[in-house]
Protein chains: 2
Amino acid sequence: MKKPVRLSDVAAAAETSAKTASRVINGDPRVSAETRRRVEEAVDRLGYRVDLLARSLRRGVDDTIGVIVESIADPFFAAVISEIELAALRRGLNVIVTSNRRLPNREAAIVDSLQQRRVAGLIITPHTSDLSYLASTGTPVVFVDRHPGNFPADVVTFDDRGGARTAVRHLLRYGHQRVAFISDDLGVETSRNRHAGYVDALQESGLPVVGELVATDCSDAAMARARTCEFLDLDEPPTAIFSARSETSLGAVKVLHDRKRTDIAMVSFGDFALADVLSPAITVLEQSPELLGRLAAERLFARLDGDHSDPVNTVIPLRLVPRGSGEIVPSGGGAGA
Amino acid sequence: MKKPVRLSDVAAAAETSAKTASRVINGDPRVSAETRRRVEEAVDRLGYRVDLLARSLRRGVDDTIGVIVESIADPFFAAVISEIELAALRRGLNVIVTSNRRLPNREAAIVDSLQQRRVAGLIITPHTSDLSYLASTGTPVVFVDRHPGNFPADVVTFDDRGGARTAVRHLLRYGHQRVAFISDDLGVETSRNRHAGYVDALQESGLPVVGELVATDCSDAAMARARTCEFLDLDEPPTAIFSARSETSLGAVKVLHDRKRTDIAMVSFGDFALADVLSPAITVLEQSPELLGRLAAERLFARLDGDHSDPVNTVIPLRLVPRGSGEIVPSGGGAGA
DNA sequence: CCCAGGCGTAACAACGATTACCTCATTCCA
DNA sequence: TGGAATGAGGTAATCGTTGTTACGCCTGGG
């Protein structure tokens, strides 16, 4: 049942020293072919496996990277993680995933605990802007999706503001004058930037930003549903909706469908499953979480390989995918009540 | 920039021995209040953090559990992982996630590498049936979603066969005689069981299992689309479809929608986003990945706590949620060509 | 024929914390 | 009052691997 085979056991079986056995295992060339053969034979006869904990302790770093996202269950982050895991696998690294669940102190605690494990690097979706907690250590960090306060590190984000601007311009081009905005809390950087893009587009066209058409407290689909209902019940309801996040889009879509409001245009920031199957199909701003994950992993690996150049700021452009819902023209008079 | 504080540094600062400092840190009661205070003071003055690698090496196990699923990006598994992570967090454990991506040898390699890290336990969605690779070690393992070959361990699954039977019976009750079955490869246990449930239901009603109505090679939505098209193009097409997995449902739904075949009934094994927003809304067999994850974590933790009772086989029942698509009655004559 | 120098190896320490075991008082009870 | 029990704390060994240093052996140039 239990038989921990140590390196010294292998060495004994191969009639050599532990250090030499270690050399063989780590591919050190300074070992004679004969000795190498004996060690290798002993290794698989005894079924020896390196103890990675001991190895990491000795080496000072663990072959592991830590990933912190907001929610693992969110399809967006799940895709990011999946891609990071793939990249890590290719490099022989393990991935420890954690989520901050938007809890205020979790992030610092997680980083702390990961550093106690001596992770080789970190990929973080920053939630708080106070990043003092990782100030002093030298662990390479790459931030994704959002910028860290003013912590000097690589960042990979989407062109949130530009994308939002594009999306709203698209709606305006079809003649909409009253475009609602629905998003998560503006405390979250992505929401803030997308909101800024929304404002940009309206102002370009000389349109006012109407308070009753802006809902920025939708942290989940349920809230998005509630707010969308309120929009539709306004005396002068919007003729188009720009949803700043897939999650909120799910809520908005649900309401539009329930009320059979196929006359209201909509664009979603972020694609989602079945967006193309709905009637009308939903026009989206396509963002690739896979690409985000891949680029982040690449940056981190470069740092692990000793790249000490200045922090790189990678911005991923977005593409608008017209599918129907974004090309609906405003109906004559959309009085709701 | 770098200042590794060791336990002995703390001890020195508190004018005591490393052992006593260790006692304080691990909450050993046999330390005087005064000494304890001095040590604690030294700890936060120096900013000491335990080196978890060193601790784990000494203790023999790491405060980490390994999770192996098929795909991290799959919303189903993402939810499972998220729930496991939450449970692990509460217990102070880290979670290393990996995916086998259905590659033949990955699973064994992953388990191997996780055991080399001395993970405290494993939660696995077995892909291969040959589990010899984890035979000899004593690491607690809990299998989820599928049964391991005949490896004695806790298993948490859904009532796949019973659920499928319920779903198909539901369709038959509405008068369908030609019910198509669409699933992943039958090499995957869940698919096999759901197929068995499908057959059960047909046989109960004295209906034949028609080969041309059974597609069991849909590993992704694209394949499901293709097969659904073939179904609809049959001389005598099905009047209802039972999709054995959310992923295949996405494909089937897409085709039905594109062809505007609102006359074809459908039930999906597994809920998915927007299933209730489609027209018609999709009747599903609701399975809770969160519950699966939670129960698996609970089982594992019980084992970690020294539970040595016989392996437990937990089966989670499923609930049919009628939403419309499953209650469509067969149309008079559904000739397609 | 001698010595520098490279190669293969061995012995040992170190990584940082914990555990097993031991000491020295003090206290409590027969 | 003797002696066991209890409390507080220390010393050294250990976890398994790898970096360091040193040593013996063999080869080739002078």
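A, B, ... follow the sequence lines: proteins, then strands. Residue 1 opens every chain. The shown structure was predicted, so the numbers you read here are calculated from the model rather than taken from an experiment.
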Lys/Arg cation over aromatic A:F301: A:R91, 6.0 Å, 45° cone:
yes

Nearest listed nucleotide, side chain of B:L57, among C:dT18, C:dG16, D:dA8
C:dG16

Measuring to OP1 and OP2 of C:dG8, would you say a side-chain N or O of A:T20 lies under 4.0 angstrom away?
no

Closer to the 5' end of DNA chain C via nearest nucleotide, is it B:R59 or B:R23?
B:R59

Regarding the side chain of B:K19, the nearest nucleotide among D:dT18, C:dA17, C:dT19 is C:dT19

Counting N and O atoms only, with roles assigned by atom type, does the side chain of B:R192 sit under 3.5 Å from a partner on the main chain of B:G187, one being a donor and the other an acceptor?
yes

Please report, rounded to the nearest Å, how far the C1' atom of D:dT17 is from the CD1 atom of A:I25.
9 Å

Where the side chain of A:R55 is defined as all heavy atoms beyond and including C-beta, which of C:dA17, D:dT18, D:dA8 is the nearest nucleotide?
D:dT18

Taking C:dG16, D:dT11, C:dG8 as options, the one with an atom nearest any side-chain atom of B:R6 is C:dG16

Taking the side chain as C-beta and beyond, is there a heavy-atom pair between A:R49 and A:V5 under 4.5 Å?
no

What nucleic acid atoms does B:S56 come within less than 4.0 Å of, heavy atoms only: base, sugar-phosphate, or nothing?
nothing

Quick check: on DNA chain D, is the nucleotide nearest A:V50 upstream (toward 5') of the one nearest B:S32, or the reverse? Name the residue that is more 5'.
B:S32

D:dT17 phosphate, OP1 or OP2, under 4.0 Å from A:S22 side-chain N/O
no

Whole angstroms only, please: what is the CG-C1' distance between A:D63 and D:dT17?
13 Å

Any A:S8 side-chain nitrogen or oxygen under 4.0 Å from OP1 or OP2 of D:dG16:
no

Base, sugar-phosphate, or nothing for B:T35, non-hydrogen atoms under 4.0 angstrom?
sugar-phosphate

Separation of atom CD in A:E34 from atom P in C:dG8, rounded to whole Å
13 Å

Any donor-acceptor pair, under 3.5 Å, between the side chain of B:R58 and the base of D:dT14, if you only look at N and O atoms?
yes

Could you state the atom-to-atom distance from CZ of B:R36 to C1' of D:dG9 in whole Å?
13 Å

When you measure from the side chain of A:N100 to the backbone of A:L103, do you find a donor-acceptor pair of N or O atoms at a distance under 3.5 Å?
no

Could you state the CZ-C1' distance from B:R30 to D:dT6, rounded to the nearest angstrom?
10 Å

Where the side chain of A:N26 meets the backbone of A:S22, is there a donor-acceptor pair that is under 3.5 Å apart?
yes

